Protein chains: 2
Amino acid sequence: MTQPRPRIPEATVARLAVYLRVLTGLADGGRTTVSSGELASAAGVNPAGLRKDLSHLGPCGVRGVGYEVATLRDRIARVLGVERSRACVLVGIGNLGAALADYAGFGGRGFRFVGLFDAAPARVGQRVGGQPVRPMEELAEVVAATAASIGVIATPAEVAQSVCDRLTAAGVRSILNFAPVALVAPGDVDVRQVDLSVELQVLAFLGQQRDAGAPALPAPAVEVPA
Amino acid sequence: MTQPRPRIPEATVARLAVYLRVLTGLADGGRTTVSSGELASAAGVNPAGLRKDLSHLGPCGVRGVGYEVATLRDRIARVLGVERSRACVLVGIGNLGAALADYAGFGGRGFRFVGLFDAAPARVGQRVGGQPVRPMEELAEVVAATAASIGVIATPAEVAQSVCDRLTAAGVRSILNFAPVALVAPGDVDVRQVDLSVELQVLAFLGQQRDAGAPALPAPAVEVPA
DNA sequence: GCGACTTTGTTCCTGCGTTCACAAGCGGTT
DNA sequence: AACCGCTTGTGAACGCAGGAACAAAGTCGC
């Protein structure tokens with residue numbers, strides 16, 4: 001009954017999600033097989049690293065040929081746990097929340113939002129992404145009824161912790177937090193933090209560093225023909 | 001170079017951005033000093049790691065006391081290049097693009113959008129976050145006029161590469177891509193990828209792993225099925 | 001049927017990031 | 001003025017991720 005779970009590194013899991021997306025696209029395009037080199041280039045990673053990532057799933061390719069697109073896609077989907085659709089609740093239907101609710105990349109990849117919640121009475125009742133926005137009072141009820149295991153927080157930072165508390169109290173065990181605060185949660189709850197502005201600041205730093213120290217750099221920019 | 005710039009690890013840079021946000025909040029709250037332990041807890045990291053991160057900036061704390069909030073904040077801001085405001089252009093004003101344009105976390109942290117662009121004629125002319133949406137034809141012009149160094153892509157995946165090409169052609173050297181495709185760009189252009197659904201899939205994986213193996217299994221060392 | 005080519009899966013190695021633990025330094029107290 | 005406790009900064013070890021090279025294995029051509 002147990003899965004092949006010799007512990008997959010988290011960095012590998014993140015890349016597996018990318019491979020899954022690429023493979024889904026290839027399958028929709030009618031491709032039946034793909035080589036590690038091609039897949040790696042489409043995913044933006046090193047071919048050897050890709051093969052190492054896939055090796056965690058056990059042998060799933062054919063030497064001399066490559067990987068069967070549909071088979072590999074299904075296998076990754078099963079390992080990632082997106083084989084069956086997962087119920088998620090989304091709290092905070094501001095600009096970002098509405099964008100997330102509408103984001104096609106979620107529904108198409110095994111996630112479905114079973115409840116959108118907001119504390120502002122003005123927002124409650126509006127329809128976003130085909131669903132009505134519900135008041136916070138219904139949160140526990142919906143989580144219990146749908147067995148939602150994932151909660152997404154897209155509220156202002158000030159209320160994120162209290163939303164987190166309510167989600168965990170309702171039984172949610174996994175939380176994705178877009179608010180720029182570090183949440184504290186019970187040890188058996190997974191919390192992942194996404195700060196949209198952090199990436200922008202890393203970019204600014206790299207740009208400043210490049211501009212400051214690179215002028216005399218050789219950097220003939222050899223092109224890599226794909 | 002007068003700058004102590006012996007290469008700061010990228011992971012450290014990302015955390016410095018988080019420290020900067022926490023410090024700004026503390027300063028606004030009137031705090032004058034803070035210890036590494038407290039700051040680390042607010043940022044969700046290990047105290048020793050935080051001190052190591054800060055050590056890249058040179059000594060900036062007082063032993064036995066802690067760090068001076070305002071001083072440390074300004075120092076990190078200078079290192080990250082957030083001291084002066086940076087001009088950014090944003091392409092793709094859909095749900096996500098509108099959320100980004102409105103996101104207060106950007107303007108407050110040294111980034112200002114000097115141009116919002118969309119290919120859909122229906123969107124052009126609308127005002128989002130206090131600015132008008134412009135047609136793609138004006139992209140190169142605006143980038144040249146404002147010396148924007150950062151471009152943000154929030155378009156559908158299909159057109160992201162062509163937008164990337166136009167941005168680089170216009171002179172943008174740093175690109176933040178929210179579209180789920182790996183972009184190819186010249187070697188002197190920094191491209192950073194953010195896939196919102198990847199984090200969700202990592203969460204699903206961790207949740208599945210927890211549910212399947214947590215009851216009493218420490219590490220069963222199971223092997224692959226068939 | 002056999003050889004050669006292609007591509008996977010694995011192994012080794014190098015470098016980086018993270019953590020632990022300790023010495024150094026400063027403020028407050030007596 | 002000297003001691004003591006607190007906190008920083010740094011040095012070292014551990015573990016992990018990434019990259020390159022090699023061997024196994026299967027297919028295609030002759």
Side-chain angles (χ1 to χ4, degrees), chain A residues 4 6-19 23 26 31-69 71-73 75-76 79 193 198 202 205-206 224, chain B residues 4 6-19 23 26 31-69 71-73 75-76 79 182 193 198 202 205-206 219 223-224 226:
Chain A
R7 216 185 74 245
I8 301 180
E10 198 171 293
T12 292
V13 173
R15 282 189 297 267
L16 285 177
V18 177
Y19 307 154
L23 287 166
L26 288 175
R31 284 290 297 272
T32 58
T33 60
V34 66
S35 70
S36 67
E38 191 176 358
L39 191 53
S41 133
V45 300
N46 185 297
L50 181 137
R51 291 199 297 270
K52 178 172 289 190
D53 286 339
L54 295 184
S55 75
H56 287 106
L57 316 180
C60 47
V62 180
R63 293 168 194 245
V65 178
Y67 300 93
E68 198 174 348
V69 172
T71 307
L72 184 57
R73 173 191 45 144
R75 191 161 207 169
I76 293 179
V79 169
Q193 178 80 25
V198 163
V202 173
F205 171 78
L206 294 176
V224 277
Chain B
R7 212 187 79 245
I8 301 179
E10 196 172 295
T12 293
V13 173
R15 282 189 297 268
L16 285 177
V18 177
Y19 307 153
L23 287 167
L26 288 175
R31 284 290 294 274
T32 59
T33 61
V34 65
S35 71
S36 67
E38 190 177 357
L39 191 52
S41 133
V45 301
N46 186 298
L50 181 137
R51 290 198 298 272
K52 176 154 289 199
D53 286 339
L54 295 184
S55 75
H56 288 105
L57 316 181
C60 45
V62 181
R63 296 170 192 244
V65 177
Y67 301 92
E68 198 176 347
V69 172
T71 306
L72 185 56
R73 176 196 45 162
R75 190 162 208 169
I76 294 179
V79 169
Q193 178 80 27
V198 163
V202 172
F205 171 79
L206 294 175
E223 308 313 324
V224 300

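Quick caveat: nothing in here was measured; it's all calculated off a predicted structure. Numbers restart at 1 for each chain; the letters A, B, ... are given by sequence-line order, proteins then strands.
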Novice: Among dG9(D), dA20(D), dG9(C), which nucleotide sits nearest the side chain of Arg63(B)?
Specialist: dG9(D)

Novice: For Leu50(B) and dT18(C), what is the distance between atoms CG and C1' respectively, to the nearest whole Å?
Specialist: 13 Å

Novice: Taking 4.0 Å as the cut-off, does a side-chain nitrogen or oxygen of Arg15(B) come that near to OP1 or OP2 on dT18(C)?
Specialist: yes

Novice: Taking only Lys NZ, Arg NE, NH1 and NH2, and the carboxylate oxygens of Asp or Glu, determine whether Arg31(A) and Glu38(A) approach each other closer than 4.0 Å.
Specialist: yes

Novice: Nearest nucleotide by nearest heavy atom, which residue falls closer to the 5' end of DNA chain D, Val65(A) or Thr12(A)?
Specialist: Thr12(A)

Novice: Looking at dT7(C), dT7(D), dG18(D), which one has an atom nearest to any side-chain atom of Ser35(B)?
Specialist: dT7(D)

Novice: Using a cut-off of less than 4.0 Å, is there contact between a side-chain N or O of Asn46(A) and OP1 or OP2 of dA17(D)?
Specialist: no

Novice: With a 4.0 Å cutoff (strictly under), does any side-chain N or O of Arg7(A) reach OP1 or OP2 of dC16(D)?
Specialist: yes

Novice: So how far is it from Thr33(B) OG1 to Tyr67(B) OH, rounded to the nearest 0.5 Å?
Specialist: 12.5 Å

Novice: Kindly write out the residues that satisfy salt bridge (Lys or Arg N to Asp or Glu O under 4.0 Å) with Arg75(B), not counting sequence neighbours, or none if the list is empty.
Specialist: none

Novice: Between dT8(D) atom C1' and Tyr19(B) atom OH, what is the distance in whole Å?
Specialist: 15 Å

Novice: For the pair made of CD1 in Ile8(A) and C1' in dC16(D), what is the distance, rounded to whole Å?
Specialist: 15 Å

Novice: What is the separation between atom CG on Leu72(A) and atom P on dT7(C), rounded to the nearest whole Å?
Specialist: 16 Å

Novice: Just compare dA12(D), dT11(C), dT8(C) and give me whichever is closest to any side-chain atom of Arg51(A).
Specialist: dT8(C)

Novice: Which residue lies toward the 5' end of DNA chain D, Glu10(A) or Cys60(B), if each is placed at its nearest nucleotide?
Specialist: Cys60(B)

Novice: Could you tell me how far apart Asp53(B) (CG) and dT19(C) (P) are, to the nearest whole angstrom?
Specialist: 10 Å

Novice: Identify, between Gly61(A) and Gly64(A), the residue whose nearest nucleotide on DNA chain C lies closer to the 5' end.
Specialist: Gly64(A)

Novice: Report the distance from atom CG of Leu54(A) to atom P of dG9(C), rounded to the nearest whole Å.
Specialist: 7 Å

Novice: Do the non-hydrogen side-chain atoms of Leu54(B) and Ile76(B) ever get within less than 4.5 Å of each other?
Specialist: yes

Novice: Counting heavy atoms from C-beta on, name the nucleotide in dA20(D), dG9(C), dG9(D) closest to the side chain of Ala48(A).
Specialist: dA20(D)

Novice: Do Glu68(A) and Thr32(A) come within less than 4.5 Å of each other through their side chains, counting heavy atoms only?
Specialist: no

Novice: Consider the side chain of Pro9(A), meaning its heavy atoms from C-beta on, and name the nucleotide among dT11(C), dG11(D), dA17(D) that approaches it most closely.
Specialist: dA17(D)

Novice: Please check the phosphate of dG9(C) (OP1 and OP2 only) for any side-chain N or O of Ser55(A) closer than 4.0 Å.
Specialist: no

Novice: Can you tell me how far P of dC26(C) sits from CD of Glu68(B), to the nearest Å?
Specialist: 15 Å

Novice: Among dG17(C), dG9(D), dG26(D), which nucleotide has an atom closest to any side-chain atom of Val62(A)?
Specialist: dG26(D)

Novice: Checking only heavy atoms, does the side chain of Lys52(B) share a donor-acceptor pair with the base of dT10(D) at less than 3.5 Å?
Specialist: no

Novice: Examine dC26(C): is either OP1 or OP2 under 4.0 Å from a nitrogen or oxygen in the side chain of Tyr67(B)? Give yes or no.
Specialist: no

Novice: Can you find a pair of side-chain heavy atoms, one from Val13(B) and one from Val79(B), that are under 4.5 Å apart?
Specialist: no

Novice: Round to the nearest Å and state the distance from His56(A) atom NE2 to dT11(C) atom P.
Specialist: 12 Å

